[in-house]
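Accompanying notes for the structure given below.
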Amino acid sequence: MVRVRFAPSPTGYLHLGNARTALFNYLYAKHTGGKLILRIEDTDKERSKKEYEDMLLDDLKWLGIQWDEGVDVGGEHAPYRQSERTEIYKEYIQKLKDSGHIYKCFCTPEELEAERKKALAEGRPPRYSGKCRNLSQEEIKKLEEEGKPYVWRFRVPDGESIVFEDLIKGVVEINVNDFGDFVIVRSDGSPVYNFVVVVDDALMEITHVIRGEDHLSNTPKQILIYRALGFKEPQFAHLPIILGEDKSKLSKRHGAVSVRAFREEGYLSEAMFNGLALLGWHPKDDREVLSKEELIQEFDIKDVHNAPAVFDRAKLKWLNGVYIREKLSLEELTKRAIPFFEEAGYKGDFEYYKKVMEAIRDSIETLKDIKERAKPFFVDKFEISPEAEEVLKQEKALDVLKQLYKEIEGMESITKEEFKKITKKIQKELGVKGKALFMPIRVALTGETSGVDIAVLVETIGVDRVKERVKRVLDRLG
RNA sequence: GCCCCCGUCGUCUAGCCAGGCCUAGGACACCGGCCUUUCACGCCGGCGACACGGGUUCGAAUCCCGUCGGGGGCACCA
């Protein structure tokens, strides 16, 4: 049984890169009939916050990623929050002490920093020198009596090459001499990431560690710990990282990069799910629009592209448009749109919103576009744009409006069909058609030269508001 | 500096492992046209890439070597 995990640290919003990692883990678990475990890595007490954890969970759920075991659902390997697993870590730290895999190091951060700088300046790799590695019992005793703080370091075997097969990268070989003896326990007694991640993954019986490529160089250290503790090593799969426009690792510098931000920008979770899946992976055929079920069906970790990918905002936007106009039912789409109507200050009941959505769904790409596109359905007193003003100066523009007003003046209601008949009639009587006919009406009704279908607008806002708007223009110009 | 990963249209990618089916396929974006009495949607078409240099081979985007370029890592962060 495949068991994978997503293990974010609650130090901020859910970043797109992490979201994709979570998604690939989810997809792989579902594809193989395995389980997804959600673990919170909050060993960094400085930066971890419970609010962030809540946000993370919320964003994950919104995206449509469900986990089988984890912080809020529990499971047989609970607890799933690292800050609650300290007793467990103590036990395994003790094992490493007993087996002699770790030793006390009394070097101060200042000493280490100086050492690092010196190494860099001399062109040597900045690694720990191993100064405290062979301290005698007396020396240790003396330093302890002086009350000097110490950390525990892992005794890295000299010259050994760690080879592992990465499901995405292939065979990776790293010589342990590239890094020095690394810290396992901080001076405050808390264990460090590289150690706890191994203990947790092993105890939670994780079979496949699927994570970002930035963890690739940590892997040999972790493998060393797996071996020291006698744990079975999982399979590793390192996902290429996601880049910004400038080809550096995607970060806040590149604008909105959190799932939350896209959600607030009016992206649909289905489109995000689909779009994220396509970042570094794609199906055997040429399909681009795939449902969650199809993605689960098709996904395989082996098909993940191994080069880093620049995040394609334009394509995500297009995809979102596809979901808005084709994939969701009008009912569902309207439900999701309500907050955006409200935010824009457009008041109406559900049925009215629904009519508006039906009219504009073909021409918007995010729900935030509602503000612009739905304006004529809600705002009666609007400014007329400069280009629109030009339209009104055209020959026969006012005649069209006068004629239209005359036709609808006595009407109590109007349908699309009736409106079309009227425009037909005006066309015959005045000899104008196409833009010359529709543009003046559009401008009078919306103040803009482009927008929704006029007939639909007319039917939706009703004849009285049409009269009012046409009259306003006529009073001013005619 | 050292280690690791990567390099196909502007972008996401197919093809590479098992060399010929590739005058390199799809998608986004962009440009043009069609449909439409308006606006969109849609449809059709165009532009556009194997980083470079050596090999191996009858034949290389695909295999090998080198160069260049990009990225990641080298913490008492995760």
Side-chain angles (χ1 to χ4, degrees), chain A residues 7-9 11 41-44 46-48 82 105 107-109 112-113 116 119-128 149-153 166 168-170 172-175 177-180 182-188 190 192-194 196-197 212-220 238 240-241 243 245 247-249 275 278-289 305-319 321 325-326 359-364 373 420 423-424 427 432-442 446 448-457:
Chain A
S9 36
T11 53
E41 309 216 319
D42 54 354
T43 50
D44 183 348
E46 304 286 308
R47 299 192 299 153
S48 298
Q82 290 186 329
C105 168
C107 298
T108 64
L112 294 170
E113 183 54 26
R116 230 175 66 86
L120 242 21
E122 290 169 10
R124 286 179 290 116
R127 38 169 282 196
Y128 178 64
Y150 59 86
V151 300
W152 288 87
R153 280 183 188 274
D166 189 280
I168 294 167
K169 301 292 175 190
V172 178
E173 180 175 354
I174 296 173
N175 193 294
N177 280 0
D178 295 336
F179 46 84
F182 52 92
V183 174
I184 290 289
V185 184
R186 298 187 185 93
S187 51
D188 67 358
S190 65
V192 123
Y193 166 76
N194 275 130
V196 298
V197 77
E213 194 181 326
D214 41 346
H215 288 281
L216 193 58
S217 47
N218 277 326
T219 308
H238 288 94
I241 57 162
L243 273 27
E245 243 87 333
K247 310 247 175 159
S248 68
K249 193 175 177 181
L278 255 25
L279 261 186
W281 173 87
H282 97 121
K284 294 259 183 264
D285 52 38
D286 284 331
R287 279 176 297 166
E288 307 268 348
V289 182
H305 192 64
N306 57 7
V310 173
F311 174 54
D312 194 343
R313 272 171 212 278
K315 195 158 182 174
L316 214 214
K317 204 166 192 182
W318 162 78
L319 239 192
R325 78 182 86 93
E326 296 172 15
I360 68 172
R361 70 187 297 183
D362 277 352
S363 58
I364 60 175
R373 210 65 183 180
K420 278 182 185 164
T423 54
K424 245 328 186 235
Q427 180 193 332
V432 287
K433 61 172 185 175
K435 286 190 194 253
L437 170 62
F438 276 82
M439 275 303 171
I441 302 177
R442 176 178 293 287
T446 70
E448 299 291 338
T449 53
S450 72
V452 285
D453 182 277
I454 296 298
V456 171
L457 176 67

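Numbers restart at 1 for each chain; the letters A, B, ... are given by sequence-line order, proteins then strands.
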Sub-3.5 Å donor-acceptor pair from the side chain of Arg373(A) to the main-chain atoms of Gly451(A), do we have one?
yes

Strictly distance-based, threshold 3.5 Å: is any side-chain N or O of Arg127(A) a donor or acceptor partner for the main-chain N or O of Phe182(A)?
no

Starting from [atom2] on [N], measure out to [atom1] on [X] and report it in whole angstrom.
X	N	atom1	atom2	answer
Lys169(A)	G72(B)	NZ	C1'	9 Å
Phe438(A)	C39(B)	CZ	P	10 Å
Ile454(A)	U38(B)	CD1	P	11 Å
His282(A)	C28(B)	NE2	C1'	14 Å

For a quick check, tell me whether the side chain of [X] and the base of [N] share a donor-acceptor pair closer than 3.5 Å.
X	N	answer
Ser217(A)	C3(B)	no
Asn218(A)	A78(B)	yes
Lys315(A)	C12(B)	yes

Going from [atom1] on [X] to [atom2] on [Y], what distance comes out if it is rounded to the nearest 0.5 angstrom?
X	Y	atom1	atom2	result
Lys420(A)	Ile454(A)	NZ	CD1	12.0 Å
Cys107(A)	Arg153(A)	SG	CZ	6.5 Å
Trp281(A)	Ile168(A)	CH2	CD1	13.0 Å

Span that lies between the [atom1] atom of [M] and that of [N], in whole angstrom:
N	M	atom1	result
G42(B)	G10(B)	P	25 Å
A49(B)	C16(B)	C1'	16 Å
U67(B)	A29(B)	C1'	33 Å
A27(B)	C65(B)	P	36 Å
C3(B)	U13(B)	C1'	29 Å
G32(B)	A14(B)	P	31 Å
G69(B)	C22(B)	C1'	26 Å
C31(B)	G70(B)	P	31 Å

According to the Watson-Crick and G-U wobble definitions, with both distances under 3.5 Å, which nucleotide is paired to [N]?
N	answer
C28(B)	G10(B)
A49(B)	none
C2(B)	G73(B)
C39(B)	none

Output yes when at least one side-chain N/O atom of [X] is less than 4.0 Å from OP1 or OP2 of [N], else no.
X	N	value
His305(A)	A14(B)	yes
Arg127(A)	C3(B)	no
Asn306(A)	G7(B)	yes
Lys317(A)	A29(B)	no
Lys247(A)	U11(B)	yes

Heavy atoms only, 4.0 Å cut-off, all strands: where does [X] land among base, sugar-phosphate and nothing?
X	answer
His215(A)	base
Leu279(A)	sugar-phosphate
Lys284(A)	nothing
Val183(A)	sugar-phosphate

Give the nucleotide from the list C39(B), A27(B), U37(B) with an atom nearest to the side chain of Lys433(A).
U37(B)

When you match Arg153(A) and Phe311(A) each to their closest nucleotide on RNA chain B, which lands nearer the 5' end?
Phe311(A)

Comparing Lys249(A) and Ile364(A) on RNA chain B - which has the more 5′ nearest nucleotide:
Ile364(A)

State, yes or no, whether a side-chain contact exists between Thr446(A) and Leu457(A) at a heavy-atom distance under 4.5 Å.
yes

Only one of Lys169(A), Lys249(A), His238(A) passes side-chain hydrogen bond (donor to acceptor under 3.5 Å, both in side chains) with Glu213(A); say which it is.
Lys169(A)

